[in-house]
Structures are given as C-alpha cells and as structure tokens.
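Hydrogens, waters and symmetry mates play no part in the numbers below; they use all other heavy atoms, side chains included. Just so we're on the same page: letters track the sequence lines, and every chain starts at 1.
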Amino acid sequence: DQQVKQNSPSLSVQEGRISILNCDYTNSMFDYFLWYKKYPAEGPTFLISISSIKDKNEDGRFTVFLNKSAKHLSLHIVPSQPGDSAVYFCAALYNQGGKLIFGQGTELSVKP
Amino acid sequence: EPEVTQTPSHQVTQMGQEVILRCVPISNHLYFYWYRQILGQKVEFLVSFYNNEISEKSEIFDDQFSVERPDGSNFTLKIRSTKLEDSAMYFCASTFRRIVGTDTQYFGPGTRLTVL
C-alpha cells in the first residue's frame with residue numbers, strides 16, 4: 001500500500017535554517033492530511049494538519065502546504081531547532097473510515 | 001494534559017501464546033484505534049472501534065485478533081496465538097469524533113511486542 005509516500009528517509013539541516021519535509025499521495029479522495037512527529041520509544045505526536053480544501057496552514061514555526069494538482073504536501077519548519085530532531089510522518093485521513101494512512105517517515109536531524 | 005496510556009511498555013512472549021495489550025484512551029474520546037509498526041516499516045492501521053463495535057479493520061486484523069472495551073475505560077487488543085511476524089510496536093489512539101477536520105487522533109506511547 002503506497003498511497004502515501006515520503007521519499008526521503010532522512011534530512012539534515014543546520015539550526016536556524018529551514019527544514020522542508022515532503023510527502024506525496026496517490027488517492028485524490030483523501031479529505032485531510034496530518035503531520036506527526038515521533039521520538040524514539042514514544043508514540044506519534046500530532047503536529048499540524050490541513051484540509052484538502054485549503055492550500056496552506058500555519059502554526060508558529062510550522063507551515064504545511066498542499067498542492068492538490070500535484071498530490072503533494074510539504075511541512076516547513078522555520079527556524080529549525082535541535083529539539084525538532086525526530087522522525088516526521090505524513091498521514092492522510094479517509095473521511096469514511098477515519099483511519100490514518102501513514103507515509104514511511106523522514107528522520108530529521110537539526111545540527112547546532 | 002490528558003493522554004493515552006498503554007501497558008505494558010514491553011511484552012515478550014513465546015510463539016503460539018496469547019497476549020493482551022491494554023490501552024486507556026483519553027476519557028471523553030469516543031473513537032478508538034490500534035495501529036502497529038514493524039521495525040523499519042511504516043505505521044499501519046489495524047482496527048477502529050466505536051460504540052462497542054468494530055467500525056473498520058484492515059487485512060492484517062484476521063481472526064487471531066480481537067478488541068474489547070471491557071469496562072468503559074480500558075481498550076484492549078488480544079492476539080490469540082502469536083506468530084513471529086506479530087513482533088512490532090503496537091500503538092493505541094483515540095479521538096473525540098470521526099468527523100474530518102474536527103479532531104485528530106492522539107497516540108499512546110506504544111507496547112513493544114516481541115514474539116520468540
């Protein structure tokens with residue numbers, strides 16, 4: 001099941017710079033997209049979400065952009081901080097089922 | 001801040017044994033989920049549960065799996081006869097309601113199941 005894909009397994013950025021995490025999806029029926037952050041030995045923590053009818057949602061240092069024609073979304077973190085180092089999962093939500101479909105995750109490393 | 005809790009944090013069992021993984025969802029939430037993550041793979045949906053019955057289940061959730069909300073606070077996942085390939089991190093999640101855009105799923109810390 002490759003409905004949600006994160007093609008970059010890892011990303012390394014310098015503290016203070018922008019981190020851009022990418023996610024592609026194949027199913028145009030998804031209604032909502034979410035980003036979760038996960039530290040080792042912990043469960044995924046909700047970060048930010050976006051409805052399929054929007055193209056941008058911003059929350060503090062985190063902004064998610066949605067390009068429906070390209071079936072692509074991205075998470076921007078500005079400025080990046082060492083505490084942002086974690087695995088970031090993109091997930092899509094089916095309205096009917098309520099289940100989350102996850103991407104493979106991207107491990108972000110923010111270096112001081 | 002309310003949170004989803006899971007016990008045990010780590011469960012080791014022999015192949016063929018039954019295991020029960022326990023979760024306490026956030027108290028006013030109505031929808032409950034189990035997901036799992038095999039090492040190195042993505043988080044996969046197993047089952048959703050609402051109003052004391054299964055709403056949806058994945059292909060993974062076969063007859064060896066069952067879920068229950070025995071007492072109004074706990075939400076359990078039972079695997080009747082564990083296989084080696086059941087070794088994974090199991091996450092419980094809950095949400096207030098399943099209307100897109102009104103709520104999100106909150107995850108517990110997970111139970112690492114190791115089947116020997």
With a 4.5 angstrom heavy-atom cut-off, could you sort out which part of Gln37(B) is near chain A: side chain, backbone, both or neither? side chain

For the pair Tyr31(B) (side chain) and Gly98(A) (backbone), establish whether a donor and an acceptor sit closer than 3.5 Å, ignoring hydrogens and angles. no

Pairs where residues 69-80 of chain A contributes a residue and the test side-chain hydrogen bond (donor to acceptor under 3.5 Å, both in side chains) is met, not counting sequence neighbours: Ser19(A)-Ser80(A), Asn22(A)-His72(A), Asp24(A)-His72(A), Asn67(A)-Ser69(A), Ser74(A)-His76(A)

Sort Ala41(A) into side chain, backbone, both or neither according to what part of it lies under 4.5 angstrom from a heavy atom of chain B. backbone

Linked, directly or transitively: Phe61(B) and Phe49(B) (ILVMFWY side chains, under 4.5 Å): yes

Which atom pair, heavy atoms only, marks the closest approach of Val4(A) to Lys42(B)? O-NZ, 3.3 Å

According to a hydrophobic-cluster definition based on side-chain heavy atoms being under 4.5 Å apart (Ile, Leu, Val, Met, Phe, Trp, Tyr only), do Val43(B) and Phe75(B) belong together? no

Taking all heavy atoms of Leu100(A) and all of Phe45(B), pick out the closest pair and write down the distance. O-CB, 4.1 Å

How many angstroms lie between CZ in Phe102(A) and OH in Tyr35(B), if you round to the nearest 0.5 Å? 6.0 Å

Name the region of Tyr39(A), side chain, backbone, both or neither, that has any atom closer than 4.5 Å to a heavy atom of chain B. neither

OG1 of Thr104(B) to CG of Leu47(A): how many Å apart, nearest 0.5 Å? 10.5 Å

Show the nearest heavy-atom pair for residues Gln105(B) and Tyr36(A), with the distance to one decimal. O-OH, 2.7 Å

Residue part contacting chain B, namely of Glu42(A), when any heavy atom lies under 4.5 Å: backbone

Should Val47(B) and Leu113(B) be regarded as members of a common hydrophobic cluster, given that ILVMFWY residues are connected when their side-chain heavy atoms come within less than 4.5 Å of each other, either directly or indirectly? yes

